[in-house]
Amino acid sequence: MSVRLFFALWPNDALREQIWRVSRRGVTACEGRPVIRENLHMTLAFLGSVNAELLPRIRAAAADIQMPGFEFRLDEMGYWVRPRALVIQPASFPAALPALVQALWQALGPLQLTGKPGAAGAYRPHVTIARKAVCPAELVLETPVHWVVRDFCLVSSVTDPAGARYEPLARYHLLQADTQANDSRGIGAC
Ligand code: 2AM
């Protein structure tokens, strides 16, 4: 059996609500398929379809990561022409974000998954808010969203007739000033 997996920054309810709220205006201005509220997230690493037997090793690889927490602002709304995606994204972000992405791929390296990281430096953090979108030239995010990142999630994607449904499987805590290590106590349910 295979599962479709990705690692993501998964917003808590309050942040999810904020992302939802500030993105409505752009979504309304575009034609397309809005991402449902429950699915809003920022992908870190997309693994694709993976043999379910590898899940324990994938979980263990993520649990070994010891990286610091960080924060950034989602402060731009953009339209990505080729994937026809309406996104909100940070104009700038701390090096800790791509470093976390790199650490994930490095930890997953021995598993020889078919999903591949983008070319070096190609990681473009974003939250997709609508797909198959057709948008006006002028898009503005009026209120930026402050994202304090303390953890990340392993998420499975299930395609229902109604569309994709994402289910967080495990949460991994990042190091905080008052945290010593990301040991097994640092892993929680999502
Ligand atoms: P997107 O939002 O830019 O479409 C679950 O499908 C998540 O994995 C989505 O956030 C999606 O990013 C990302 N994703 C899906 N297919 C992908 C691919 N082939 N490469 C990279 N990311 C992908």
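All values derive from a computational prediction rather than experimental measurement. When a ligand or atom number is given, it counts from 1 through the structure's own listing order.
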Engineer: Roughly how far apart are L100 CG and M67 CE, rounded to 0.5 Å?
Structural biologist: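 The distance works out to 5.5 Å.
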
Engineer: Do Y166 and F6 have ring centres separated by under 6.0 Å?
Structural biologist: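 When the ring centroids of Y166 and F6 are compared, they turn out to be within the sub-6.0 Å range.
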
Engineer: Evaluate R131 for polar contact with ligand 1, using N/O atom pairs at a separation under 3.5 Å.
Structural biologist: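 N/O-N/O distance below 3.5 Å exists for this pair.
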
Engineer: Is the closest side-chain heavy-atom distance between L97 and L9 below 4.5 Å?
Structural biologist: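 Yes, their side chains come closer than 4.5 Å.
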
Engineer: Note the single closest protein heavy atom to atom 6 (O) of ligand 1, along with its residue, its atom name and the distance in Å.
Structural biologist: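 Answer, as residue, atom name and distance: Y166 OH, 3.5 Å.
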
Engineer: Just to confirm my output: which protein heavy-atom neighbour is closest to atom 2 (O) of ligand 1, and how far is it?
Structural biologist: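 In this structure, atom 2 (O) of ligand 1 has T128 OG1, 2.5 Å as its nearest protein heavy atom.
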
Engineer: Give me the residue, atom name and distance of the protein heavy atom closest to atom 22 (N) of ligand 1.
Structural biologist: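 Among all protein heavy atoms, the one nearest atom 22 (N) of ligand 1 is F46 CB, 3.3 Å.
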
Engineer: Relative to each other, are the rings of W147 and F72 parallel, tilted or perpendicular (30° and 60° limits)?
Structural biologist: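 Judged by the thresholds at 30° and 60°, the geometry between W147 and F72 is tilted.
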
Engineer: Please indicate whether any nitrogen or oxygen in H41 is less than 3.5 Å from any nitrogen or oxygen in ligand 1.
Structural biologist: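 Right, the criterion is met.
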
Engineer: Using a strict cut-off of 4.0 Å, indicate which atoms of ligand 1 neighbour a heavy atom of H126.
Structural biologist: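 Heavy-atom distances to H126 below 4.0 Å select 1 (P), 2 (O), 3 (O).
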
Engineer: Taking only heavy atoms of F6 into account, list the atoms of ligand 1 that are under 4.0 Å away from them.
Structural biologist: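 Selected atoms, number and element: 5 (C).
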
Engineer: Please write down residue, atom name and distance for the protein heavy atom closest to atom 12 (O) of ligand 1.
Structural biologist: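 I find the closest protein heavy atom is T43 OG1, 4.0 Å.
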
Engineer: For residues R124 and Q89, is any side-chain donor paired with an opposing acceptor at under 3.5 Å?
Structural biologist: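 No, because no side-chain N or O of R124 sits under 3.5 Å from a partner of the opposite role on Q89.
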
Engineer: Once rounded to the nearest 0.5 Å, what's the spacing between atom CG of L5 and atom CZ of F46?
Structural biologist: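 Taking CG in L5 and CZ in F46, the distance rounds to 9.0 Å.
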
